[in-house]
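Scroll down for the structure; my scribbles are underneath it.
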Amino acid sequence: MSTSRIAVIGLGRMGWHMAAHLATKGSDSGRAVSVCDVVPGVAQKWVDENGGTAFTDAAAAVEGCDIVITSLPADRELFAVADAILPVLSEGSLWVDHSTTSAEGARVVHARGAEKNVAFLDAPVSGGVDGARNGTLTVMAGGDREAFDRAEKIMGAYAARVTLMGSSGAGQITKMTNQICVVGLCQALAEGLDFAESAGLDVSKVIHVMLQGSSASWQMANRAEKMLAGEYNYGFSTTLMRKDVGLALDEAKSMNVPLPVTTMVGQMLAEVSEMGGDAWDWCSLMERQRHSH
Ligand code: NAD
C-alpha cells in the first residue's frame, strides 16, 4: 500500500473541485487520485481533465488508498458508501467526510470506522461552489485530534480555514449552527429588497448604502443583486438547504431548543420548491417573497 494514495468519492458541485485541487496541489508531486461517482461517465470526465483513475464503484476506488475524501448529498449516501468501503479499507486509513449530514449519522460511521481502526472525521464545509473552485472553503471538523492532524494538510489543498470543533458530530453541529444563523438573514434580505422595490426606490442604490451600514452581510454583498435580478441558476440548491434546515430542526428538537425563525423559513423554502425552485439557489426565497403579494 502506498502511503499517500487518495480516493475522492462524490464528484458533484463541491467534490469535483476538491478532487482537482488534491490532484494539482498534492504535498508530494504526482499524487495519485482515484475518483468515484455513481453517475456513469462523471468520474471518467474528471479523469479526462485531471488525470488519475476513474471508478463508479466505491469499494474498487478505495483499493490501495489510505486516505478517503467524500462529498455526498446526505446520510443515505454516506451510509451506502460506508457499507461499501469499510469492509475493504485498510487498518489505519483516514476518511474525511465533507458532506453535510446528521450529527448522529457521523457518530455512527465514526464508531463503525473505529471498529476497523479507520479514523473518520465529519468535516462539513461552508463557502459554496466558489469556495470549492477557488480552494478557499471553511471546514468545521468533528473527530479525534490525531485524525484531524493527519487531515489538516490534505484539506489545505482546497480550504482556507480548517478547525477541529470537538468530538465526532461536532463538525455537523457547527454546520447546522451556520445554517440556522443564515436562513433568517436571507429571508430578511428578501423582505427588505421587496419592500424597497415596492416603495419605488432604486434598490441597487439601497444595497450600496446598506453595505456600508449595520445590516451588511455576506448574503447582501454576494446575493442581493442576483436576488434583485431574479437570477437563481447557481449556488446552493433549495433542495440542499431544505435538507440542512431539516437536520437543524431535528437536532434542535432533540435538545428542546425552539427555532421559530428557522422553522418558518423552512416552510417558505418548501413553498419555493412548490414553485418549481428545487434546483434554484435557495436565495430564490426572494421569488416567493415577490409572489406573496
Ligand atoms: P451534489 O449532489 O452536486 O454532489 C454529490 C455527488 O455525490 C453527486 O455527483 C452524486 O452522483 C454522488 N454520489 C451520490 N451517491 C454516491 C455514491 N454512493 N457513491 C459515489 N458517488 C455518489 O452535491 P454538492 O452540491 O456537491 O454537495 C455535496 C455536499 O456538500 C452536500 O452534503 C451539501 O449539503 C454540502 N455542501 C454543498 C454546498 C454547495 O454550495 N453546493 C455548500 C456547502 C456544503
Side-chain angles (χ1 to χ4, degrees), residues 7-21 34-47 53-62 65 68-86 88 95-103 105-106 109 121-141 155 158-161 171-172 174-179 181-183 186 218-219 222-223 226 232-248 269 278-284:
V8 180
I9 303 174
L11 298 172
R13 279 171 284 193
M14 303 294 281
W16 180 283
H17 298 295
M18 292 176 186
H21 285 297
S34 298
V35 290
C36 168
D37 198 286
V38 272
V39 176
V42 170
Q44 189 54 52
K45 185 165 178 257
W46 188 94
V47 166
T53 318
F55 297 89
T56 47
D57 177 57
V62 302
C65 294
V68 180
I69 308 287
T70 45
S71 178
L72 301 161
D75 282 42
R76 192 171 58 122
E77 293 81 8
L78 173 65
F79 288 136
V81 169
D83 289 345
I85 70 173
L86 283 176
V88 295
W95 176 0
V96 181
D97 179 38
H98 291 303
S99 323
T100 303
T101 69
S102 69
V109 177
L121 286 177
D122 51 292
V125 301
S126 179
V129 177
D130 287 344
R133 189 183 296 111
N134 300 330
T136 56
L137 290 169
T138 296
V139 179
M140 37 211 113
M155 294 188 280
Y158 43 78
R161 287 157 300 272
Q172 297 298 351
T174 306
K175 173 76 186 186
M176 288 173 208
T177 310
N178 183 79
Q179 304 303 62
C181 292
V182 80
V183 286
C186 188
W218 184 96
Q219 294 292 321
N222 293 280
R223 295 289 183 254
K226 287 188 162 81
Y232 308 115
N233 190 20
Y234 58 88
F236 189 59
S237 71
T238 300
T239 300
L240 284 179
M241 185 50 104
R242 287 185 65 194
K243 173 202 64 164
D244 287 7
V245 167
L247 292 171
L269 286 167
D278 273 338
W280 300 342
D281 182 81
W282 71 283
C283 289
S284 50

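Order of appearance sets the numbers: ligands from 1, and atoms from 1 within every ligand.
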Intermediate values then yes/no, side-chain hydrogen bond (donor to acceptor under 3.5 Å, both in side chains), Ser99 and Asp97: CA-CA 6 Å; Ser99 323; Asp97 179 38; 2.6 Å; yes
Contacting atoms of ligand 1, where contact means under 4.0 angstrom from a heavy atom of Val81: 17 (C), 18 (N), 19 (N)
Cation-pi between Lys226 and Tyr234: NZ/CZ under 6.0 Å from ring centre and within 45° of the ring axis? yes
Name the closest protein heavy atom to atom 26 (O) of ligand 1, giving the residue it belongs to and the distance to 0.1 Å. Met14 N, 2.9 Å
Gln44 side chain to Gly41 main-chain N or O, any donor-acceptor pair under 3.5 Å? no
Contact check, side chains of Gln172 and Ser102, non-hydrogen atoms, under 4.5 Å: no
Any nitrogen or oxygen of Cys36 lying under 3.5 Å from a nitrogen or oxygen in ligand 1? Just yes or no. no
Measure the shortest side-chain to side-chain distance between Val183 and Trp282 over non-hydrogen atoms and say whether it is less than 4.5 angstrom. yes
Should Val125 and Met18 count as side-chain neighbours, where that means a heavy-atom distance under 4.5 Å? yes
Proximal ligand 1 atoms for Lys175, defined as those under 4.0 Å from one of its heavy atoms: 43 (C), 44 (C)
Atom 16 (C) of ligand 1: closest protein heavy atom, distance to 0.1 Å, is Val38 CG2, 3.5 Å
Quick one: does Ser71 get a heavy atom under 4.0 Å from ligand 1? yes
Counting from 1, what ligand 1 atoms have a heavy atom of Gly128 closer than 4.0 Å? 40 (O), 42 (C)
Pairs of nitrogen or oxygen atoms closer than 3.5 Å, one from Thr100 and one from ligand 1: do any exist? yes
When you measure from the side chain of Asp281 to the backbone of Phe236, do you find a donor-acceptor pair of N or O atoms at a distance under 3.5 Å? yes
Please check if the side chain of Lys175 supplies one atom and the backbone of Ala123 the other of a donor-acceptor pair under 3.5 Å. no
Filtering Phe236, Tyr234, Trp282 for the heavy atom nearest atom 40 (O) of ligand 1 leaves Phe236
Polar side-chain atom of Trp95 near backbone of Ile69 as donor-acceptor pair, under 3.5 Å: no
Distance filter under 4.0 Å to Val39 heavy atoms, resulting ligand 1 atoms: 11 (O)
For atom 4 (O) of ligand 1, grab the closest protein heavy atom and report residue, atom and distance to one decimal in Å. Gly12 CA, 3.2 Å
Thr239 backbone acceptor or donor facing Asp278 side chain under 3.5 Å: no
So between Thr70, Leu247, Asp37, Asp57, whose heavy atom ends up nearest atom 12 (C) of ligand 1? Asp37
With side chains defined as the heavy atoms from C-beta onward, is the minimum distance between His17 and Tyr158 less than 4.5 Å? no
Please check this pair: side chain of Asp37 against backbone of Ala43, looking for a donor-acceptor N/O pair closer than 3.5 Å. no
Which residue and atom name correspond to the protein heavy atom nearest atom 23 (O) of ligand 1, and how close is it? Leu240 CD1, 4.2 Å
In ligand 1, the atoms that come under 4.0 Å of a heavy atom of Val129 are 40 (O), 41 (N)
Measure the distance from atom 2 (O) of ligand 1 to every protein heavy atom, then report the residue, atom name and distance (to 0.1 Å) of the closest one. Pro73 CG, 4.1 Å
Checking a contact table here: which protein heavy atom is nearest atom 31 (C) of ligand 1, and how many Å away? Leu72 O, 3.3 Å
Near Ile9 (heavy-atom distance under 4.0 Å), the atoms of ligand 1 are 19 (N), 20 (C)
Would one find an N or O of Lys243, backbone or side chain, under 3.5 Å from an N or O of ligand 1? yes
Would the number of heavy atoms belonging to other residues, nucleotides or ligands and lying under 6.0 Å from NZ of Lys45 be above 12? no
In terms of atom number and element, which parts of ligand 1 are under 4.0 angstrom from non-hydrogen atoms of Val125? 43 (C), 44 (C)
What do you reckon, does Glu77 have a nitrogen or oxygen under 3.5 Å from a nitrogen or oxygen of ligand 1? no
Among non-hydrogen protein atoms, atom 3 (O) of ligand 1 lies closest to Arg13 N, 3.0 Å
